[in-house]
Amino acid sequence: MIIAIDGPAGAGKSTVSRMLADRLGCVRLDTGALYRVVGLAATRAGVGPDDPDLGRFVAGLAIDVEPDHIRLDGQDVDRAIRTPEASAAASRYAAVPAVRDALLDLQRRLGRARDTVIDGRDIGTVVFPDADVKIFLTAAPEQRARRRLAELVERGIDADFAAVLADIEQRDKQDSERAVAPLRRADDAVEVDTSRLDLPGSVDRCEAVVRAALGGGSS
Ligand code: DC
């Protein structure tokens with residue numbers, strides 16, 4: 001079973017996906033983390049977004065995905081991929097077709113291995129167009145910036161509201177205007193707007209969507 005959750009940065013995808021997966025007894029696959037690892041690795045290696053060898057470079061990366069942990073060459077990079085610089089790099093590299101191609105097989109392999117809640121930008125449109133359930137999770141930009149700031153503060157990363165909001169708006173633009181696999185709601189996805197929902201409320205809403213789609217009834 002594949003449950004695809006797409007939406008813009010800061011809509012609550014990460015936490016909602018993790019909690020939803022727990023409730024449904026699925027694993028969760030965070031595809032944004034894969035793009036972040038690519039951005040980090042390529043930046044460190046000095047391989048730019050225009051480099052003709054970028055696709056080969058990405059295909060050769062040793063990325064190891066475990067629930068709640070991601071490793072690059074055996075090294076834990078959970079923290080390194082969450083900085084604002086890593087976000088910006090991820091967004092730039094995610095616009096490169098060779099990067100998306102290189103990550104497509106990996107995402108499909110990981111998603112098919114188990115019942116999975118998989119979150120990203122193009123899961124319902126490109127990676128798993130025939131997912132069992134598709135949700136498009138969204139919220140107003142200011143609300144998303146507030147949440148992202150709280151997350152960063154909790155991780156001990158220094159940031160201010162204006163910078164986080166600017167980063168979110170910039171990424172929305174970059175992610176939805178790019179030529180390849182832009183962020184958009186799949187025609188058959190159910191939209192869940194979390195602007196006025198707290199976390200448990202958002203998870204409840206998504207769980208109801210899943211149960212309704214799978215024919216198990218909903219609240
Ligand atoms: O969800 P996130 O903020 O961790 O994603 C990091 C970047 O990767 C973001 O700019 C969008 C991009 N991304 C993507 O293009 N496709 C995905 N399936 C997931 C993330």
Side-chain angles (χ1 to χ4, degrees), residues 2-18 20-21 28-43 49 54-55 58 61 63 65 68-70 72 77-111 116-129 131 134-139 141 144-145 147-152 155 157 159 163-186 189 194:
I2 300 281
I3 296 167
I5 303 196
D6 291 305
K13 285 194 308 290
S14 302
T15 318
V16 168
S17 300
R18 198 176 308 121
L20 186 64
R28 179 228 171 185
L29 176 60
D30 170 10
T31 63
L34 301 176
Y35 287 94
R36 287 169 180 267
V37 168
V38 166
L40 183 75
T43 306
L54 180 60
V58 175
L61 288 175
I63 302 175
V65 182
D68 290 324
H69 282 295
I70 190 151
L72 172 64
V77 288
D78 293 310
R79 197 180 156 83
I81 61 171
R82 298 294 162 193
T83 64
E85 294 75 26
S87 291
S91 187
R92 275 197 309 278
Y93 284 91
V96 181
V99 170
R100 306 202 72 85
D101 278 353
L103 291 182
L104 196 56
D105 278 354
L106 176 63
Q107 294 173 85
R108 287 184 175 154
R109 206 159 15 90
L110 291 167
T116 304
V117 174
I118 169 167
D119 60 290
R121 301 294 191 290
D122 62 339
I123 309 305
T125 51
V126 175
V127 183
F128 288 107
K134 298 182 189 178
I135 294 174
F136 193 78
L137 202 70
T138 188
R144 293 191 274 127
R147 291 175 186 161
R148 185 47 61 97
L149 183 65
E151 234 175 70
L152 291 172
R155 286 168 184 271
I157 296 168
V164 174
L165 179 60
D167 176 52
I168 278 186
E169 286 175 337
Q170 164 66 16
R171 283 211 289 152
D172 279 1
K173 192 169 149 58
Q174 212 159 350
D175 293 342
S176 53
E177 289 180 2
R178 70 181 175 218
V180 219
L183 170 66
R184 70 168 184 86
R185 182 169 83 80
T194 67

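Reckoned from all heavy atoms, side chains included, excluding hydrogens, waters and symmetry mates. Atoms within each ligand, like the ligands themselves, are counted from 1 in listed order.
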Are R184 and S176 close enough, and set up right, to give a side chain to side chain donor-acceptor pair (under 3.5 Å), and what steps lead you there? CA-CA 7 Å; R184 70 168 184 86; S176 53; over 6 Å; no

Apply side chain to side chain donor-acceptor pair (under 3.5 Å) to the pair Y35 and R121, showing each step before the final yes or no. CA-CA 11 Å; Y35 287 94; R121 301 294 191 290; over 6 Å; no

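Under the 4.5 Å side-chain criterion, counting only non-hydrogen atoms from C-beta, S87 is not in contact with I81. Taking the side chain as every heavy atom from C-beta outward, I70 and I63 approach each other to under 4.5 Å. The shortest side-chain heavy-atom distance between K13 and R18 does not fall under the 4.5 Å cut-off.
Ligand 1 has no N or O atom lying under 3.5 Å from any N or O atom of Q107, backbone or side chain. Looking at R100 next to ligand 1, an N or O pair under 3.5 Å apart turns up. Considering backbone and side-chain atoms alike, D30 places every N or O at 3.5 Å or more from each N or O of ligand 1. Taking distance alone, with nitrogen or oxygen atoms compared against 3.5 Å, R121 approaches ligand 1 more closely than that limit.
Qualifying side chain to side chain donor-acceptor pair (under 3.5 Å) partners for D172, counting only residues two or more places apart in sequence or in other chains: R144.
Residue contact check: S91 has heavy atoms under 4.0 Å from atoms 10 (O) of ligand 1. Numbered from 1 in the order shown, with element, the atoms of ligand 1 that lie under 4.0 Å from a heavy atom of A94 read 12 (C), 15 (O). Those atoms of ligand 1 with a heavy atom of T31 less than 4.0 angstrom away are 17 (C), 18 (N), 19 (C). With ligand atoms numbered from 1 in the order given, ligand 1 contributes 6 (C), 7 (C) to contacts under 4.0 Å with heavy atoms of A90. Atom numbering of ligand 1 starts at 1 in the shown order; those under 4.0 Å from a heavy atom of D175 are 9 (C), 10 (O), 11 (C). Near R36, the atoms of ligand 1 lying under 4.0 angstrom from a non-hydrogen atom of the residue are 2 (P), 3 (O), 4 (O), 6 (C).
In terms of protein heavy atoms, atom 8 (O) of ligand 1 is closest to Y35 CB, 3.4 Å. In this structure, atom 9 (C) of ligand 1 lies nearest to the protein heavy atom R171 NH1, 3.4 Å.
R147 and T194 form a side-chain donor-acceptor contact under 3.5 Å, judged by distance and modelled atom types alone.
Salt-bridge formation is not detected for the pair D6/R185: no Lys NZ or Arg NE/NH1/NH2 atom is positioned less than 4.0 Å from an Asp or Glu carboxylate oxygen. Ion pair D175/K173 not flagged as a salt bridge, since none of the NZ, NE, NH1 or NH2 atoms sits closer than 4.0 Å to an Asp/Glu carboxylate oxygen.
Using a 4.0 Å cutoff on heavy atoms, R178 counts as a contact of ligand 1.
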